[in-house]
Amino acid sequence: IPAEYLSVSKNARIVDKCVTKRLGTKTKATWEDITGVIQWITYNNQPLVVMGGKLYKIDETTWVETEIGAIGSTDKVNMLTYGKYTLIFTGIGYPRVYDGASLTQTTITNCPNVNPIISEKFQWFTFITGNTADTDNILYISRPITPTNPEYAYDWVITNSEQITYDSKILGLVSSMNRLIIFTETRIEYIGKDSLQTIGGTATLVSTPIGNWWQLASWASVMAWGDTVMYLT
């Protein structure tokens, strides 16, 4: 798989439209370079790795890693790329943003205080869910991301950001070609390309139920290929 697909791959390979187990790996960094448990890997103009509680960038010529900064957790994290931005969600505080030059942490001015780890992107929005007892059924939608304001990719609280409240805990998100799929404890819902409606004079995204189902095993156990969504229960 080309390195550019690391941001959407889940340790799997697509062969003849089927998901198959990866048969092997090609060593790019020696064992001595690994400084801790690898928590997540993605790609945004270069390989980015979170391991041992720190974010590293990998030089694709020398395969030497350079430490960027601490991310505040040594447990599993979730990473989302949008344009030049790489968002890191730990589930225990405000997410961090790497813009290719510096690593910073969001604050209450652009992110709700809900300890997000579940995240996804669809069309010109990013989505996060709460990770506290009072917010784990709320979907937070970013401000519409524009060419002049790409930083709206990590702004879920200011004007034109949105929230959708579900009747049960949100367990996972995944985006297909035409839909954002929302898995809750009681049903699957979706936000589609045609879900933007005007209600009370305000443009808003509308969520539509698909049906009841077996619960998602974890937020990391769902993936999409085209408009087909596959998940583990």
Trainee: Please determine whether side chain to side chain contact (heavy atoms under 4.5 Å, CB included) holds for the pair Ser119 and Leu87, giving the CA-CA distance in whole Å, both sets of side-chain angles, and the decisive distance to 0.1 Å.
Mentor: CA-CA 9 Å; Ser119 65; Leu87 315 182; over 6 Å; no
Trainee: Flag the pair Tyr166 / Ile182 as yes when at least one side-chain heavy-atom distance between them is below 4.5 Å, and no otherwise.
Mentor: yes
Trainee: Rounded to the nearest 0.5 Å, how far apart are CD of Gln46 and CD of Glu65?
Mentor: 12.5 Å
Trainee: For ring pair (Phe, Tyr, Trp, His ring centres under 6.0 Å), just list the numbers for Tyr154 and Tyr85, CA-CA rounded to whole Å, side-chain angles, deciding distance to a tenth of an Å, and then say yes or no.
Mentor: CA-CA 9 Å; Tyr154 53 93; Tyr85 299 108; 5.2 Å; yes
Trainee: Testing the 3.5 Å rule here: is there a donor-acceptor pair between the side chains of Thr81 and Tyr43?
Mentor: no
Trainee: Is Trp40 linked to Tyr98 within one hydrophobic cluster, defined over Ile, Leu, Val, Met, Phe, Trp and Tyr using a side-chain heavy-atom separation of less than 4.5 Å?
Mentor: yes
Trainee: Are Leu80 and Phe89 packed together at the side-chain level, in the sense that at least one heavy-atom pair is separated by less than 4.5 angstrom?
Mentor: yes
Trainee: Just how far is it from atom CG of Leu48 to atom NZ of Lys57, taken to the nearest 0.5 Å?
Mentor: 9.0 Å
Trainee: Please determine whether a side-chain nitrogen of the Lys or Arg among Asp155 and Arg143 lies less than 4.0 Å from a carboxylate oxygen of the Asp or Glu.
Mentor: yes
Trainee: Consider only side-chain heavy atoms of I, L, V, M, F, W and Y, link residues closer than 4.5 Å, and tell whether Leu232 and Ile181 are in one cluster.
Mentor: no
Trainee: Check this for me: does any side-chain nitrogen of one of Lys54 and Glu67 sit under 4.0 Å from a carboxylate oxygen of the other?
Mentor: yes
Trainee: Evaluate the side-chain proximity of Phe125 to Ile145: yes if any heavy-atom separation is below 4.5 Å, no if none is.
Mentor: no
Trainee: Apply side chain to side chain contact (heavy atoms under 4.5 Å, CB included) to the pair Trp225 and Met230, showing each step before the final yes or no.
Mentor: CA-CA 8 Å; Trp225 173 249; Met230 296 160 283; 4.0 Å; yes
Trainee: Using a cut-off of 6.0 Å, state whether more than 12 heavy atoms not belonging to Asn178 lie near its atom CG.
Mentor: yes
Trainee: Where is the tightest heavy-atom contact between Thr42 and Thr86, given as atom of each residue plus distance?
Mentor: CG2-CG2, 4.1 Å
Trainee: Rounded at 0.5 Å granularity, tell me how far NZ in Lys169 sits from CG in Asn137.
Mentor: 10.5 Å
Trainee: In the single-linkage hydrophobic clustering (I, L, V, M, F, W, Y; side-chain heavy atoms under 4.5 Å), do Val222 and Tyr190 co-cluster?
Mentor: yes
Trainee: When clusters are formed by joining ILVMFWY residues with side-chain heavy atoms under 4.5 Å apart, either directly or through shared neighbours, do Ile118 and Ile92 land in the same one?
Mentor: no
Trainee: Between Thr90 and Ser73, do the side chains contain an N or O donor and an N or O acceptor separated by less than 3.5 Å?
Mentor: no
Trainee: So if I apply the side-chain contact (heavy atoms from CB on, under 4.5 Å) rule between Phe183 and each of Val229, Leu173, Ile170, which one comes out positive?
Mentor: Val229
Trainee: Within the 4.5 Å heavy-atom criterion, are Tyr140 and Thr129 side-chain neighbours or not?
Mentor: no
Trainee: Can you name the nearest heavy-atom pair linking Ser207 to Ile164, along with the distance?
Mentor: CB-CD1, 4.2 Å
Trainee: Which heavy-atom pair separates Ser176 from Asp227 by the least distance, and what is that distance?
Mentor: OG-OD1, 3.2 Å
Trainee: Answer yes or no: is there a side-chain heavy-atom contact under 4.5 Å between Met177 and Phe122?
Mentor: no
Trainee: Considering non-hydrogen atoms only, spot the tightest contact between Cys111 and Pro95 and give its length.
Mentor: SG-CD, 3.5 Å
Trainee: Looking only at heavy atoms, which two atoms of Glu60 and Pro47 are closest? And how far apart?
Mentor: CG-CD, 3.4 Å
Trainee: Do Trp156 and Thr126 pair up side chain to side chain, a donor and an acceptor below 3.5 Å, judged on atom types alone?
Mentor: yes
Trainee: In this structure, which one of Gln105, Gln39, Met79 forms a side-chain contact (heavy atoms from CB on, under 4.5 Å) with Ile88?
Mentor: Met79
Trainee: How close do Asn131 and Thr135 get, counting heavy atoms only, and between which atoms?
Mentor: N-OG1, 3.7 Å
Trainee: Are the side chains of Val97 and Ser102 in touch, meaning some heavy atoms are under 4.5 Å apart?
Mentor: no
Trainee: Side-chain contact test, heavy atoms from C-beta onward, threshold under 4.5 Å: evaluate it for Leu55 versus Leu103 and give yes or no.
Mentor: yes
Trainee: Quick one: does Ile191's side chain get under 4.5 Å of Leu139's, heavy atoms only?
Mentor: yes
Trainee: Rounded to the nearest 0.5 Å, how far apart are OH of Tyr231 and OG1 of Thr233?
Mentor: 7.0 Å
Trainee: Count I, L, V, M, F, W, Y as connected when their side-chain heavy atoms are under 4.5 Å apart, and connections chain through other members. Are Tyr94 and Tyr152 then in the same cluster?
Mentor: no
